[in-house]
Each structure stands twice: as C-alpha cells, then as structure tokens.
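Below: one structure, written as structure tokens.
Numbers restart at 1 for each chain; the letters A, B, ... are given by sequence-line order, proteins then strands.
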Number of protein chains: 2
Amino acid sequence: MDGLETRELRYFVAVAEELHFGRAAERLAIAQPPLSRAIQQLERRLGVTLLERDRRGVALTPAGATMLAEARLALDAVDAVVRRTRRAAAPTPGLVLTTKAGASHELLKRLLDAYAQRPDAVDVDVLLCEVGGQRGLLRDGSADVALVHSPYDVLTGLETATLQTEGQVAIVPGAHPLARRTRLTLAEVSDVPDLPIARWPRHDGTYPPGPGPEVRTQSQLAQLVALGRTLLVIPGSSRAWQWPEHVAVPVVDAPEVTTLLAWPAGVRPAALEGLVDTATHLA
Amino acid sequence: MDGLETRELRYFVAVAEELHFGRAAERLAIAQPPLSRAIQQLERRLGVTLLERDRRGVALTPAGATMLAEARLALDAVDAVVRRTRRAAAPTPGLVLTTKAGASHELLKRLLDAYAQRPDAVDVDVLLCEVGGQRGLLRDGSADVALVHSPYDVLTGLETATLQTEGQVAIVPGAHPLARRTRLTLAEVSDVPDLPIARWPRHDGTYPPGPGPEVRTQSQLAQLVALGRTLLVIPGSSRAWQWPEHVAVPVVDAPEVTTLLAWPAGVRPAALEGLVDTATHLA
DNA sequence: CCCCTTGATACCGGTGCGGTATCAGGCCTG
DNA sequence: CAGGCCTGATACCGCACCGGTATCAAGGGG
C-alpha cells in the first residue's frame, strides 16, 4: 500500500518546482511521458490530487505543497545516509565543520587548536558556505557540525553548544560623520540616508522593501562596504569585515550575538562529542 | 552515481536488524538470493563494506552501524511524506496530538477546550502511545504534535511550548509507614527495601541493574502500584495514577517536571499555529 | 564423516520503467 | 477562422532489473 521510492519523490519535486512537465523531465534527464505517468501513479497510490493541471500550466494543491516540503526533507535525509555512511567508512573518519565565510576566524581557530590537543582528536575539515547555508549542509549530511550565530541563524531542530556572546558594532567609513561617535544606537544606524543598510533575500527569494542595496552573497556585501555605500552591523569579533579605512563603533542597544556550535538532533558521529566538549570548556 | 532507493534502505535495515540474510528475507517477503545480491550492489555502489560476513553469522561494520541509524531516520522521513500528505489532503485537515497514556488529562482537556473556542480551530485527534513513543510518531508523520514531559522525555530536534511546571509526588500505599509523612526527599524514596522503584528498559532494550521490578508498559506498572509492590514518583497532576488506597506525598527535592507541547522542527501544518498559540496563552 | 546451516552464484522469467510516436485540447497568430 | 504550437495524456514497445528456483562452497556439530 505505502512505501514510496525516492525516484517518485525526486520526480514529484522536479515537477512541483518547475510547475512544468517538460522542463521537469529535462531536468531529470528522462522523456516527458514517463514522468506524466509516474506522477499519475503517485497520485493514484496516495489517493491524493497533488497537482492541478490547469490549461496552460500546472499548480500545486495544498496537499501538493505539503508533499513538496516533506519530500525535500526526506530526500535530504536519504542523501545524508549516503554521505554519512561514506564518511564513517573513511580510514580516519574525521569531522566536517561548516561556517559562513567571513565569520570570526579567531574563535574558530582557538576552538580547533584546543580540540587538536585532545588525545581523541580527529581531523576537522572546514567547509565554507553562503549565509544561511549551514542548515542545508547539516541536513543532507554534507557536514557534521556548524558554527552559527544566534539570532541571525535559525536554530530549530539543531542541538547547540554556546561558544561566546558579544555585542555588535557598526562598520562606518572613516570619513563619515558617524565615525567620530564612540557609541551608536540601532535607531541612529537604521536611518542614515547616505548609508542605507543592505537587504538580504528572504527564504522565498524576494527582498524586503527599503532603501538599501540588494545583496545575495558575502562578497557583494563586502564590495559595497569597501566602497562606503552601505552600513553594516556585525558582531564585534568579525574582524574579516574591518578594514583600515573603516571604523567600528559599538551599537549599544543591538541584540547580543551568540556564536554556537550546532549539529543535527539525532544520530551524531562519535568524534563530535570531543569537539562539543572542547567547545563547552573553551575559556 | 548516488541516489539510493528506499527499497535498498529497507533491505539493508532488515539485514542489519536481523543480522541474518534468511530471516531478513523472510521479513521482507522475498527470497534470500535477491537480498544477498541487493546488499552486494548497495555496498558496491557506496564503495563501503557495511557487513562483515563471518562464518556463522553477520556483523555490522562501524560504517554499517552509521548507515543503520541514518537509514531508519530516512525511512521515517519517507513515511512522513505519505502520512502528512494524506493528512493534508483530508477534507478538514485536523491535527493529531499524541500523549502518553496516564498523563495529566486535566491539562490536556483544558488546552483542547480552550483551543476549540478559537474561530480557526480544527479537529484534534488524540493518539495515545507507549512511554517515549511520541518521538517516533512525530518523526514518521503519524502525529503532528505531542504532549511531553521534561526531563522525562528527550526533546532534541523538537520545538516546544511550555504548558506548566510542577513538583513531583511519591505514590505510597496508604498502609505504608511513608504514607504518614507530609514530605519526602529523593534519598528517602530511592532506598525503600519493601517498595523498590520499578526499572524501565533503556533504549537498547536492556534494563538497568537494581532491585525494582522490570516494567515495559504503563499498565504493568499500574498493576504493580495497585498491588503495593512498587513506589512511584510522578508529577503532582498525574491524577490517573492516584487511587483511594494510596497517598501522594510531595518529594521536595525531586526535579520540577515541565509539561510541554512539542512538534518536529521544520515544516508544520498551518493549523498547529493556533494550538501553540492557545498553549502559550493558557493561564 | 556426513549433514545441516550459512551466504553466494547461476540462470530464467515477468514486471515495469523509459523510449518514440501520437493524440487531444486551448491560445495565439495571420 | 484555420493552422501552427504549446501544453500534458495516451499507446505501444523493448530492455533492464528485480525476484524466483536450483545449486554451490564453506564451516561447525552430532
């Protein structure tokens, strides 16, 4: 009765994302007719209409939208089986730690150095990723553990160990009037006409409204900051963001930022215990 | 190159659990030779030895043990796709709440009554389960939300909303000397020769050592308590455990027990918001 | 020593997946 | 209004692969 195959899930996800059988089939490198048939079989087996075949296109039903979200999770879980099993089979299993490019290197270096002193230490590969990409890498088994920042990163579903908590600073061009201040408030930095705060895409890919430039990657943002075109509020320890021609001014009422080690709830590699233990005992 | 099918995962889990190709094949309702071949193909595709075929039996390699744990999670995720999709397609989607049999009915009733008053309320089915069974039901999509007790239940990977916090009481036969006490300590109840505390199985199915009787279900325990053969420390509100011929004595230094609403991190049904909202605003 | 039990190998047949060819309906365009 | 063409659905076919039966190879025990 039940027992879907991952092939069916992959096919459905392709159609649900493309909302077009032809393009989905192309993406899957199969012909369109077998794909149509497979989706029909899937709907028949579930007893659920997943797609509304309107003239000129395909739309998701509410059940289809649920299935899309769940299917993505399940496919990630299947990928994780392969990745984690392969990793566990390596001669020296090691750990993969992922972090945003541009996060505080010093803290990470201190953690890794301290961990390397342990007798049970294993190799730790560091995998840099885009902003917010850590969750996905943990979920599909590409990484074992991540360095994340609360409240910037979403922590749901992850177990965590706190590394440090710190205030935030505003990064201002040295020539700007604000650079002479010794302290700032969020209200002051949120409304600087000639230095609007950059806007990041939301989860659905759209941008919130506002005057600031739209950015998608750390390097885009770095360029704008270096050009003196935008204002940045970041944890005080993010030295990678601080150039000689800029000034870091504490923002006294910005929320504290906590740097944490995070890993998926559930099964965890044995070697992770040592790293977490090191993290919790880091001065 | 990669892209496992759930069939392969099911086959591997069967063999890894039975540690015997013949029995695993029987469980899967197929013959033994295709199963041997499928596992060999799996190992070849992964490039990993999962099983050590010793004469007289099969043993898991470390990579195989990792794969078993990950495969169970992945298969649960695939089951969850089916269950949640079917549930989302129902005419009136509703919610499934799971709780241990014997937990405080009153609180749950108050919660459900308050929720039913909301204009956006949907039907809530209550699914009773064994001790600790809530996690599995949430993971494989059989339930949307669970009533759990911290620190009794493991909460990793779940999002939660606190319902209430309370002290614990010891349930003692009325004729027992301890029944005349107005308060007790953990030290006092942990070593009562004629009323040893019952032992629950650990996650691997074995029992911790100790003098108390071994129990596996709530009803076994209930019988022992009713017979006056064991002593019980439970949250004060668990009225289902309190008979006229027993006395509830507060245990002053027992850890506080928090009753929480818990649901899997990740996608959640729209209707869940209302229930969580009701829970957080419950007096 | 023989037999039984273990998992692996050999071979064969049927199911079902994926391919090509084609159809059915709606929208544009000329 | 007719003809393209775009959509997804249907028809049919071949082959890969899954699963079945029969058998083998290797130990361990009575």
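A donor-acceptor pair under 3.5 Å links the side-chain atoms of A/Arg83 to the main chain of A/Asp140, judged by distance alone. Between the side chain of A/Thr230 and the main chain of A/Pro196, a donor-acceptor pair closer than 3.5 Å is present. With B/Arg139 contributing its side chain and B/Pro264 its backbone, the two residues share no donor-acceptor pair below 3.5 Å. Of the possible polar contacts, none joining the A/Arg86 side chain to the B/Gly47 backbone as a donor-acceptor pair under 3.5 Å is found. Checking side-chain atoms of B/Gln134 against main-chain N and O of B/Leu147 turns up a donor-acceptor pair under 3.5 Å. A donor-acceptor distance shorter than 3.5 angstrom exists from the side chain of A/Thr98 to the backbone of A/Leu127, with no hydrogens or angles considered. Distance alone, capped at 3.5 Å, is enough to place a donor-acceptor pair between the B/Glu43 side chain and the B/Leu51 backbone.
Considering only residues two or more places apart in sequence or on other chains, B/Glu273 meets the salt bridge (charged side-chain N to carboxylate O under 4.0 Å, His left out) condition with B/Arg268. Applying the side-chain hydrogen bond (donor to acceptor under 3.5 Å, both in side chains) rule to A/Thr278 yields no partners; only residues at least two apart in sequence or on another chain are considered. Taking the salt bridge (charged side-chain N to carboxylate O under 4.0 Å, His left out) definition, one finds that B/Asp277 meets it with B/Arg118, sequence neighbours left out.
Near DNA chain D, meaning a heavy atom under 4.0 Å from it, residues 61-71 of chain A has no residue at all. In the region residues 12-28 of chain A, proximity to DNA chain D at under 4.0 angstrom, judged on heavy atoms, holds for A/His20, A/Phe21, A/Gly22.
The distance from atom CG of B/Leu42 to atom P of D/dC17 is 16 Å, rounded to the nearest whole Å. What separates CD1 of A/Ile39 from C1' of C/dC17 is a distance of 14 Å, to the nearest Å. What separates CD of B/Glu5 from P of C/dC17 is a distance of 10 Å, to the nearest Å. The CZ-P distance, from B/Arg10 to D/dG19, rounds to 10 Å in whole Å. Separating the CD atom of A/Gln40 from the C1' atom of D/dA11 is a distance of 13 Å, rounded to the nearest angstrom. When the C1' atom of D/dT10 is taken as reference, atom CG of A/Leu35 falls 15 Å away, rounded to whole Å. Regarding A/Arg7, its CZ atom lies at a distance of 13 Å from the C1' atom of C/dT15, rounded to whole Å. The CZ atom of B/Arg44 sits 12 Å away from the C1' atom of C/dA8 (whole-angstrom rounding).
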Using a cut-off of under 3.5 Å, enumerate the N/O to N/O pairs linking the protein to nucleotides 19-23 of chain C.
from: C/dG19; atom 1: OP2; to: A/Ala31; atom 2: N; distance (Å): 2.6

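Position along DNA chain C of the nearest nucleotide to A/Ala38 versus B/Arg53 favours B/Arg53 as the more 5'-ward residue.
Side-chain N/O atoms of B/Ser36 include one lying less than 4.0 angstrom from OP1 or OP2 on C/dA8. Taking side-chain N and O atoms only, A/Gln41 has no distance below 4.0 Å to OP1 or OP2 of C/dG16.
Of the candidates B/Thr160, B/Leu275, B/Thr99, B/Leu275 is the only one forming a side-chain contact (heavy atoms from CB on, under 4.5 Å) with B/Leu261.
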